[in-house]
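Please read the structure below before turning to the comments.
Reckoned from all heavy atoms, side chains included, excluding hydrogens, waters and symmetry mates.
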Amino acid sequence: MSEPGEVVISNITKAFGDNVAVENINLTIPDGSYCCLLGPSGCGKTTLLRMIAGHEVPTEGDITIGGTSVIGVPTGQRGTSMMFQSYALFPHLTVLDNVAFSLKMKNVGKEDRRQQAYEVLKKVQLEPLATRMPAQLSGGQQQRVALARSLITNPKVLLLDEPLSALDEYLRLQMRAEVKRLQLDLGITFIHVTHTQPEALALADLVVVMDTGHIEQSGSAREIYDIPRTTYVAEFMGGWNVLNGKVLIEEESYATLKSPHGEEFRVPNNGNKKGQDLSFGVRRDKIHLLGTEQQKDRGNSLNGKVHAIEYQGNWVKVTIDRTDTHQLVAVIEDKEYFTNPANVGDQVTATWSAEDVHFMEKAEGEQNLIGETF
């Protein structure tokens with residue numbers, strides 16, 4: 001038997017004329033979980049959210065909430081509530097009346113709806129500001145009002161469309177923690193659309209990475225980051241260097257690959273055959289710059305010119321030009337980096353261990369991606 005907030009998406013397709021926004025999506029979002037739909041603009045994540053909410057009608061397929069199909073069910077009867085990116089607060093109403101507005105539309109008495117609104121404002125720690133107008137609030141306070149207004153209907157599923165994107169960096173980090181705390185306290189299903197990788201990793205029990213209307217991979221934040229299934233996921237999540245090569249030499253435990261640029265890589269031999277094309281990734285924090293005897297025998301090395309250096313406090317991001325069109329990125333602990341620092345324009349050797357190689361599928365129609373990184 002399905003739990004009240006379980007969302008099951010079955011063979012969902014949505015087309016706008018000849019444009020297919022979402023194609024044959026299958027996904028189960030467990031009751032009480034925090035799910036982030038993650039991907040670049042135009043990947044279909046907001047269309048999927050709007051179909052769950054009832055603001056768009058699927059071309060094909062079914063969506064159930066708590067085991068009951070919601071196709072054709074009005075938005076107000078699905079057990080969902082949606083918080084929009086713009087917050088859409090009524091400027092002429094107080095905080096309290098903004099939160100109570102949906103109950104007014106349901107003809108709930110004034111005292112009753114205001115009492116319920118106060119209770120929800122307590123959950124988001126805003127009851128002292130109940131009499132203020134939206135213009136008198138900070139961005140973070142406005143966001144919490146919008147959250148309270150979405151929660152007053154006691155939804156089984158709360159839908160959030162880029163809820164943190166309008167906030168500055170400091171406030172976004174602060175509110176990220178607040179939203180997660182609220183979800184844990186309420187115990188209901190949250191489905192959150194975002195294009196920001198760190199946001200999804202920090203918040204979600206279930207991360208769903210999308211591209212061009214399809215799900216590339218879904219899983220826990222750790223699975224998505226540590227074990228990307230495709231080169232697209234690895235590059236979009238931003239923590240990996242993606243490399244390609246053809247098997248040149250087979251040994252018992254290792255194989256040697258030759259890249260299209262003539263570089264050779266030593267990788268574990270997983271039953272690969274000579275001449276086979278392989279794609280693999282190496283996490284950026286597993287890359288080191290040649291500087292100690294211990295690093296010289298790591299199994300792989302690439303020469304290149306330092307393109308950029310970014311100091312990030314306890315680590316340093318070093319971007320290395322390895323060919324005309326490809327770069328390698330190393331994330332190095334500050335103590336290690338400053339033992340043998342490099343400068344922009346320096347020729348350096350980047351090294352990594354063959355054991356740090358992770359094989360992955362090459363995504364169809366793959367293109368180089370630049371994601372927000374760490």
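In the hydrophobic clustering of this structure, Val95 does not group with Met133; members are Ile, Leu, Val, Met, Phe, Trp, Tyr whose side-chain heavy atoms approach within less than 4.5 Å, directly or through other members. Each of Val57 and Val20 belongs to its own hydrophobic cluster when Ile, Leu, Val, Met, Phe, Trp and Tyr are linked at side-chain heavy-atom distances under 4.5 angstrom. No continuous path of ILVMFWY side-chain contacts below 4.5 Å connects Leu93 to Leu103, so the two sit in separate hydrophobic clusters. Under the 4.5 Å side-chain heavy-atom criterion for ILVMFWY residues, no single connected hydrophobic cluster contains both Leu184 and Val179. A continuous path of hydrophobic side-chain contacts links Phe338 to Ile332 [ILVMFWY only; heavy atoms under 4.5 Å].
Pairs engaging residues 126-145 under the salt bridge (Lys or Arg N to Asp or Glu O under 4.0 Å) rule: none recorded [sequence neighbours left out]. Evaluation of the salt bridge (Lys or Arg N to Asp or Glu O under 4.0 Å) test over residues 181-205, restricted to residues two or more places apart or in two chains, returns Glu178-Arg181, Lys180-Asp205, Arg181-Asp185.
The minimum heavy-atom distance between Leu171 and Gly139, with the atom names listed, is CD2-C, 4.1 Å. The shortest heavy-atom contact between Arg266 and Val357 is O-CG2, 4.3 Å. In this structure, Ser279 and Thr231 approach most closely via the heavy-atom pair CB-CG2, 3.7 Å. Residues Ile65 and Pro4 approach most closely at CG2-O, 3.7 Å, considering heavy atoms. What you find for Ala255 and Val247 is that their closest heavy atoms are CB-CG1, 4.5 Å. Heavy atoms only, all atoms of each residue included: Ala350 and Ile287 are closest at CB-CG2, 3.9 Å.
Counting heavy atoms from C-beta outward, Glu6 and Thr28 have side chains that approach closer than 4.5 Å. Side-chain contact between Leu151 and Lys123 is absent, with no heavy-atom pair separated by less than 4.5 Å. In this structure, the side chains of Glu361 and Gln217 stay at 4.5 Å or more apart for every pair of heavy atoms. Between Arg283 and Asp226, some side-chain heavy-atom pair lies under the 4.5 Å cut-off. With contacts defined as side-chain heavy-atom distances shorter than 4.5 Å, the pair Leu290/Ser301 does not qualify. At least one side-chain heavy atom of Arg284 sits less than 4.5 Å from a side-chain heavy atom of Lys317. Looking at heavy atoms from C-beta onward, Gln116 lies in side-chain contact with Val108 at the 4.5 angstrom threshold. Put simply, the side chain of Asn340 does not reach to within 4.5 Å of the side chain of Leu289, judged on heavy atoms.
Atom CG of Asn314 and atom NZ of Lys335 lie 13.5 Å apart (nearest 0.5 Å). The CD1 atom of Ile52 lies 4.0 Å from the CD1 atom of Ile9; values are rounded to the nearest 0.5 Å. To the nearest 0.5 Å, atoms CD1 (Ile320) and CD1 (Ile309) are separated by 9.5 Å. With rounding to the nearest 0.5 Å, the separation of CG in Leu302 from CG in Leu243 is 7.0 Å. Atom CZ in Arg113 sits 9.5 Å away from atom CG in Leu96 (nearest 0.5 Å). One distance of note links CD of Glu216 with CE of Met237; it measures 12.5 Å at 0.5 Å rounding.
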### Query
Stepwise, does the side chain to side chain contact (heavy atoms under 4.5 Å, CB included) test hold for Lys14 with Arg50?
CA-CA 11 Å; Lys14 177 62 180 178; Arg50 288 176 61 82; over 6 Å; no
#### Entry: Check against side chain to side chain contact (heavy atoms under 4.5 Å, CB included), Leu328 and Trp352
CA-CA 12 Å; Leu328 195 76; Trp352 67 92; 4.3 Å; yes
### Query
Stepwise, does the side-chain hydrogen bond (donor to acceptor under 3.5 Å, both in side chains) test hold for Glu111 with Gln115?
CA-CA 6 Å; Glu111 290 304 315; Gln115 181 59 39; over 6 Å; no
### Message
Determine whether His55 and Thr75 satisfy the following criterion, side chain to side chain contact (heavy atoms under 4.5 Å, CB included), listing intermediate values before the conclusion.
### Response
CA-CA 7 Å; His55 298 303; Thr75 56; 3.9 Å; yes
### Message
Run the side chain to side chain contact (heavy atoms under 4.5 Å, CB included) test on Gln327 and Asp321 for me, step by step, so that the C-alpha distance in whole Å, both residues' side-chain angles and the decisive distance to 0.1 Å come before the verdict.
### Response
CA-CA 5 Å; Gln327 293 179 326; Asp321 289 330; 2.8 Å; yes
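Between Glu355 and Lys286, none of the side-chain N atoms (NZ, or NE/NH1/NH2) sits under 4.0 Å from a carboxylate O, so this pair counts as no salt bridge. By the 4.0 Å N-to-carboxylate-O rule, Arg114 lies close enough to Asp97 to be salt-bridged with it.
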When the side chains of residues 155-164 are checked against the rest of the protein, which donor-acceptor pairs come out under 3.5 Å, sequence neighbours left out?
residue, atom, partner, partner atom, Å
Glu162, OE1, His195, ND1, 3.2
Glu162, OE2, His195, ND1, 3.2

Which atom pairs, donor and acceptor, lie under 3.5 Å between side-chain atoms of residues 32-48 and protein residues at least two apart or in another chain?
residue, atom, partner, partner atom, Å
Ser33, OG, Pro30, O, 2.7
Tyr34, OH, His192, ND1, 2.7
Lys45, NZ, Gly39, O, 2.9
Lys45, NZ, Pro40, O, 3.1

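Evaluation of the salt bridge (charged side-chain N to carboxylate O under 4.0 Å, His left out) rule for Lys246 yields Asp277 as partners, not counting sequence neighbours. Remark: Phe280 engages Phe265 in a ring pair (Phe, Tyr, Trp, His ring centres under 6.0 Å) (not counting sequence neighbours).
Using a 30° and 60° split on the angle between ring planes, His358 and Trp240 fall in the tilted class, from 30° to 60°.
Within the 3.5 Å criterion, the main-chain N or O of Phe90 finds a donor-acceptor partner in the side chain of Asn98. Within the 3.5 Å criterion, the main-chain N or O of Ser150 finds a donor-acceptor partner in the side chain of Ser81. Looking only at distances, no side-chain donor or acceptor of Asp62 sits under 3.5 Å from a matching main-chain atom of Ser10. Side chain of Asn272 to backbone of Asn270: a donor-acceptor contact under 3.5 angstrom is found. Under a 3.5 Å cut-off, the side chain of Asp112 and the backbone N or O of Gly109 do not form any donor-acceptor pair. Within the 3.5 Å criterion, the main-chain N or O of Met210 finds a donor-acceptor partner in the side chain of Tyr232. Remark: side-chain polar atoms of Glu60 are not paired, donor with acceptor, to backbone N or O of Asn24 under 3.5 angstrom. When atom types are taken as modelled, the side chain of Tyr225 and the backbone of Gly238 share no donor-acceptor pair closer than 3.5 angstrom.
Screening Ile63, Thr59, Asn26 for a side-chain contact (heavy atoms from CB on, under 4.5 Å) with Ile12, the sole residue that qualifies is Ile63. Under the side-chain contact (heavy atoms from CB on, under 4.5 Å) test applied with Leu206, the options Ile29, Ile191, Thr189, Ile224 reduce to a single match, Ile29.
Open room surrounds CD on Glu333; 12 or fewer heavy atoms of other groups in view lie less than 6.0 Å from it. Crowding of Tyr170 atom OH: a count of heavy atoms from other residues, nucleotides or ligands under 6.0 Å not exceeding 12.
Cation-pi geometry between Lys122 and Tyr118 is not satisfied (NZ or CZ under 6.0 Å from the ring centre, within 45° of the ring normal).
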